[in-house]
Student: 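After the structure tokens below, expect a handful of questions from me.
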Amino acid sequence: MKETLIFDLSREGRRGTRLGSPDVPVTPAGQIIPERYLRSKPADLPELPESEVVRHFVRLSNLNYHVDKNMYPLGSCTMKYNPKINDYTSGLDGFTAIHPLQPQKTAQGSLKLMYELSEMLCEIAGMAAVTLQPAAGAHGELTGILLIKKYHEPLGEKRDKLLVVDSAHGTNPASAAIANYEIVSVNSNAEGRTDIEDLKVKLTPDVAALMLTNPNTLGLFEKEILTIEKLVHENGSLLYMDGANMNALMGITRPGDMGFDIVHYNLHKTFSAPHGGGGPGSGPVGVCEKLVPFLPVPVIEKTEENGRTCYTMNMNKPESIGRMMNFYGNFGVLVRAYTYIRMLGADGARRVSENAIVNANYLLSRLLKKFDLPYPKPVMHEFCLSGDRQKKQHNVRTLDIAKRLLDYGFHAPTIYFPLIVSEALMVEPTETETRETLDAFADALLKIADEAENNPELVLNAPVKTPVKRLDEALASRKLNVCCPGC
Ligand SMILES: *Cc1c(COP(=O)(O)O)cnc(C)c1O
């Protein structure tokens with residue numbers, strides 16, 4: 001199962017396809033490029049025939065784990081299967097062969113797509129307007145927080161605190177800190193939801209906003225959301241929703257109807273753009289009416305010109321917070337999300353969320369035989385188990401269980417997050433998994449729980465079937481060696 005580095009497969013003089021001699025005069029590089037930029041010796045590139053290059057990368061892709069191979073149960077990440085038609089449409093020449101600086105008149109199709117995608121996202125979340133610019137969920141958070149700042153500025157009040165619930169994703173306090181806010185943590189209650197009494201204490205006049213994830217990272221719906229909304233608004237603060245968990249809500253309920261002022265969407269989660277390999281992502285932000293003037297520029301608008309519909313980019317928004325990205329965001333992701341929503345239609349979008357919820361609750365009901373659930377069910381689209389029992393009784397940690405899952409051919413769930421669950425094992429199956437796949441995953445986890453009881457060494461020494469075993473997870477980022485051997 002080991003794959004050799006491509007540099008070690010190299011043999012001097014081996015070549016792929018070679019082109020014939022050019023039929024135009026050849027100019028030596030030295031006559032075009034200044035001497036100081038030229039290499040003194042040839043680049044140290046591996047030398048292989050095309051066939052060996054292809055086989056090397058196909059073998060690597062087989063060693064890799066990806067959502068086209070099997071279920072990817074990472075909680076919070078919504079690793080659903082990404083329909084191939086999204087790649088087809090985003091690869092169409094009309095979308096890939098345009099330049100971001102070409103005249104708007106010649107890019108009407110792309111502008112129309114962005115305009116309509118914004119409209120659809122507005123409808124899904126019940127917001128007044130959407131910007132498609134932010135490049136990720138975290139970037140959407142930062143955009144939202146800058147909007148909050150811009151809203152409070154002219155009111156002349158000193159509001160330098162942001163409230164974040166303790167079950168929140170780490171990006172929430174990180175984004176707040178980047179925007180120069182003081183972060184105040186609000187406790188969760190015994191049910192795993194926002195502790196209203198604690199919220200009341202912390203909602204002081206200097207609070208700019210509350211950031212809330214609904215359903216939260218435990219997969220629990222904030223049942224008291226209308227009470228929370230009232231408290232926050234009565235305090236003159238704004239209500240921000242981390243919408244990364246929108247996969248549980250589509251067509252069922254809307255952040256706008258719950259009174260959220262701002263919400264970000266993760267197109268690469270809920271709306272099926274592939275992710276996990278480092279991007280690109282997209283984190284559009286929706287806002288309520290009073291925040292519309294502050295949205296980033298350019299704003300895509302639909303106008304009528306001589307009886308013809310025309311889409312334009314408006315830079316002239318004096319109250320705007322400015323740009324959050326060069327050009328208009330990660331356009332290819334926008335095409336994928338647009339395709340996904342159009343393919344589903346309104347009923348389909350609702351079915352996505354309903355099936356995501358059913359799948360999560362089914363899987364949970366099977367796993368409860370062996371694992372503890374620290375906060376009461378039912379859950380929405382994901383759940384967070386605790387490996388406390390296995391740790392206390394058998395000295396097997398959640399990390400060991402996650403490693404053992406690799407031997408059974410599954411990607412591990414999210415572990416040790418959210419921070420309020422000890423030995424957390426957080427699972428989000430998504431709607432795209434069949435009952436058979438869910439059962440196979442449940443069987444594997446239950447078997448590992450049995451092993452932890454009866455043969456803990458098996459779990460403690462896992463994985464045994466992967467090409468590499470337990471790696472020092474911090475070392476790779478400290479000792480980078482991405483170049484050729486000997487460099
Ligand atoms: C993924 C996620 C984020 C951050 O989104 P990115 O696109 O990874 O920046 C924020 N909050 C929650 C709950 C998430 O699951």
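Order of appearance sets the numbers: ligands from 1, and atoms from 1 within every ligand. Source: prediction; values computed, not measured. Position 1 is the first residue of the sequence; numbering continues from there.
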Student: Verify whether the ring centers belonging to F95 and F331 lie closer than 6.0 Å.
Tutor: yes
Student: Taking the six-membered ring where the residue is Trp, are the ring centres of Y72 and Y81 under 6.0 Å apart?
Tutor: no
Student: Answer with yes or no whether the side chains of T270 and N247 bring together a donor and an acceptor at under 3.5 Å.
Tutor: no
Student: Cation-pi check for Y181 against K149: NZ or CZ below 6.0 Å from the six-membered ring centre and within 45 degrees of the axis, yes or no?
Tutor: yes
Student: Return the orientation label for the H169 and F417 ring planes: parallel under 30°, perpendicular over 60°, tilted otherwise.
Tutor: perpendicular
Student: Tabulation required: pairs of a nitrogen or oxygen in ligand 1 and a protein nitrogen or oxygen under 3.5 Å; columns are atom names and distance to 0.1 Å; otherwise 'none'.
Tutor:
unit_1   : atom_1 : unit_2 : atom_2 : d
ligand 1 : 5 (O)  : N266   : ND2    : 3.0
ligand 1 : 7 (O)  : G137   : N      : 2.7
ligand 1 : 7 (O)  : N266   : ND2    : 3.1
ligand 1 : 7 (O)  : H268   : NE2    : 2.7
ligand 1 : 9 (O)  : G137   : N      : 3.3
ligand 1 : 9 (O)  : A138   : N      : 2.8
ligand 1 : 11 (N) : D242   : OD1    : 3.3
ligand 1 : 11 (N) : D242   : OD2    : 2.5
ligand 1 : 15 (O) : S76    : O      : 2.8
ligand 1 : 15 (O) : S76    : OG     : 2.6
ligand 1 : 15 (O) : K269   : NZ     : 2.7

Student: So if I apply the side chain to side chain contact (heavy atoms under 4.5 Å, CB included) rule between M426 and each of P73, S386, P418, P413, which one comes out positive?
Tutor: P418
